[in-house]
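Scroll down for the structure; my scribbles are underneath it.
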There are 2 protein chains.
Amino acid sequence: MTDVRAGSSGASGATADGPATERADARPMRADALRNHEKILRAAEEVFATDGVMVPIDVVAERAGVGVGTLYRHFPTKESLYEAIVTTRLTRLVATADAYAVDPEPGLALEHFMREFAQLAAEKQDLFEAFGQMGIDFKAHFAEPLAQLMARVDVLVKRAIETGTVRGDVETEDIIRLVVGTCHAAGHSDADAAGLQRLVSIVIAGLRPTERW
Amino acid sequence: MTDVRAGSSGASGATADGPATERADARPMRADALRNHEKILRAAEEVFATDGVMVPIDVVAERAGVGVGTLYRHFPTKESLYEAIVTTRLTRLVATADAYAVDPEPGLALEHFMREFAQLAAEKQDLFEAFGQMGIDFKAHFAEPLAQLMARVDVLVKRAIETGTVRGDVETEDIIRLVVGTCHAAGHSDADAAGLQRLVSIVIAGLRPTERW
DNA sequence: AATGATACGGAACAGTCGTTCCGTATACGT
DNA sequence: ACGTATACGGAACGACTGTTCCGTATCATT
């Protein structure tokens with residue numbers, strides 16, 4: 001993450017997407033290099049999403065229409081490529097959470113966020129697996145976007161609790177764990193979005209304040 | 001599973017545990033062979049539980065105090081060893097479900113079963129991973145014990161529904177998925193049993209019949 | 001105790017996958 | 001158009017792991 005070459009995938013002000021088109025300290029990337037960089041990112045996003053992180057790196061290279069050597073020029077390690085993809089996904093998720101944070105209906109906001117989160121994690125094997133291995137080194141690698149995500153979800157949860165739509169004793173981390181776990185629950189590949197949402201509904205129902213019980 | 005050697009791990013009337021001490025068609029296993037067979041099973045159970053299915057087979061052999069050659073004499077394939085372990089686990093789980101099927105309190109019975117199930121899946125990486133990869137070939141390999149498990153859980157669910165402790169529209173498979181997913185949720189290694197049970201509580205609450213919502 | 005069948009141990013094999021290296025091709029500045 | 005820095009492609013390397021093979025050790029039988 002730190003020793004990337006000039007114009008590589010590092011955090012170079014890419015707020016939305018796409019790598020930096022130029023660098024301050026070095027010369028701008030060559031045109032074909034830039035093109036390949038993006039092709040690789042796109043291919044990785046697709047392949048990781050469908051096949052998970054275990055796919056051989058060659059598959060990503062082939063999908064990108066690029067030799068492995070080129071891939072390694074842009075991402076010095078398979079892990080670094082994986083990091084780039086997952087960080088992007090997490091960043092988008094943070095944006096989604098941000099959008100719901102200003103929703104006038106806090107209870108529904110949390111619910112909708114959970115549903116989108118679940119859908120996303122179910123579709124993207126990589127994201128799912130990343131959350132699945134929390135603790136190995138996931139928290140270290142994605143510490144920053146993770147912290148951001150936690151903070152946003154925390155807002156959603158607190159607001160929902162204040163509104164009385166959610167029990168007061170649930171932790172933010174519980175929410176994330178439950179959602180990810182629920183995706184795991186539904187067979188990832190079945191593309192059974194309806195079944196997944198049914199499970200999410202059950203979890204959401206379980207979050208409601210206890211009445212009578 | 002079918003071409004096992006004489007006295008190997010096949011389904012030879014081992015209702016509880018331990019391999020058959022003799023075979024009808026062939027000569028009984030040699031004493032040391034039998035001893036090693038059990039040592040391997042025990043070691044595999046431990047290692048798979050703690051490290052998951054990805055551990056090199058050598059680790060299991062070493063743990064068992066046995067050479068790899070010996071291990072392969074007893075289990076012709078890593079997969080076959082894995083099958084033996086998981087099948088055993090599933091069979092025990094079926095027994096647990098059976099016990100709860102006659103519980104005088106159907107609602108509590110389901111809840112207690114779910115809690116035990118969750119605890120087990122959280123402790124045993126192999127079981128967890130097996131359920132996690134449902135669909136690859138898991139259903140094929142463990143078709144029989146899985147069907148049994150489903151049948152027993154079905155009884156628990158139906159009884160709970162009749163008692164009014166659980167919503168009528170939940171599928172048995174939903175229950176299993178939710179429980180396994182919940183284990184996934186809790187970091188497997190954290191040994192945080194309390195946290196896990198808290199999540200299970202939420203899921204269980206979500207299964208209750210909707211009142212007012 | 002002797003002998004043949006059975007089982008053991010672990011070195012060696014084969015396939016896979018991440019990574020490196022370097023000769024060749026391409027883009028950019030003059 | 002030419003020359004050089006930059007980037008490309010893919011064969012080759014090394015580490016890892018499931019599996020096989022066979023010389024040796026152990027058990028059971030007489």
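Within every chain, numbering begins at 1; the chains are lettered A, B, ... in the order of the sequence lines, protein sequences first and strands thereafter.
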Under the salt bridge (charged side-chain N to carboxylate O under 4.0 Å, His left out) rule, collect the residues that match up with [X], sequence neighbours excluded.
{"X": "Asp51(B)", "value": "none"}
{"X": "Arg167(B)", "value": "Asp169(B)"}
{"X": "Asp98(A)", "value": "Arg152(A)"}

Interatomic distance, [X] [atom1] vs [N] [atom2] [rounded to whole Å]:
{"X": "Arg73(A)", "N": "dC21(C)", "atom1": "CZ", "atom2": "P", "answer": "13 Å"}
{"X": "Tyr72(B)", "N": "dA7(C)", "atom1": "OH", "atom2": "P", "answer": "19 Å"}
{"X": "Leu34(B)", "N": "dA7(C)", "atom1": "CG", "atom2": "C1'", "answer": "13 Å"}
{"X": "Tyr82(A)", "N": "dG18(C)", "atom1": "OH", "atom2": "C1'", "answer": "17 Å"}
{"X": "Glu79(A)", "N": "dT19(C)", "atom1": "CD", "atom2": "P", "answer": "8 Å"}

Nucleotides 9-14 of chain C: protein proximity per nucleotide (B base, S sugar-phosphate only, - neither; heavy atom, under 4.0 Å): BBB---

B/S/- contact track for nucleotides 25-30 of chain C, protein heavy atom under 4.0 Å: -BSS--

Close residues, residues 49-59 of chain A, relative to DNA chain C [heavy-atom separation under 4.0 Å]: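 By residue number: Val55(A), Pro56(A), Ile57(A).
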
Any Thr77(B) side-chain N or O less than 4.0 Å from OP1/OP2 of dG18(D):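 Result: no.
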
Contact under 4.0 Å: His74(B) side-chain N or O vs dC8(C) OP1/OP2: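 For dC8(C), OP1/OP2 do have a side-chain N/O of His74(B) under 4.0 Å.
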
Residues in side chain to side chain contact (heavy atoms under 4.5 Å, CB included) with [X], at least two apart?
{"X": "Arg63(A)", "result": "Ala43(A), Glu46(A), Val47(A)"}
{"X": "Asp126(B)", "result": "Phe48(B), Ala49(B), Val53(B), Tyr82(B), Ile85(B), Val86(B), Arg89(B), Lys124(B)"}
{"X": "Ile161(B)", "result": "Val157(B), Val166(B), Val170(B)"}
{"X": "Thr77(B)", "result": "Glu79(B), Ser80(B)"}

Heavy-atom side-chain proximity of Val203(A) to Met114(A) below 4.5 angstrom: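 With C-beta onward as the side chain, the pair touches.
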
Within residues 194-203 of chain B or reaching into it, pairs that qualify as side-chain hydrogen bond (donor to acceptor under 3.5 Å, both in side chains) - sequence neighbours excluded: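 Non-adjacent pairs meeting side-chain hydrogen bond (donor to acceptor under 3.5 Å, both in side chains): Asp174(A)-Arg198(B), Arg115(B)-Gln197(B), Arg115(B)-Ser201(B), Gln119(B)-Gln197(B).
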
Under-4.0 Å salt bridge between Arg92(A) and Glu45(A):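 Yes, charged N to carboxylate O under 4.0 Å.
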
Sequence-distant partners of Arg30(B), side chain to side chain donor-acceptor pair (under 3.5 Å), two or more places apart: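 Asp32(B).
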
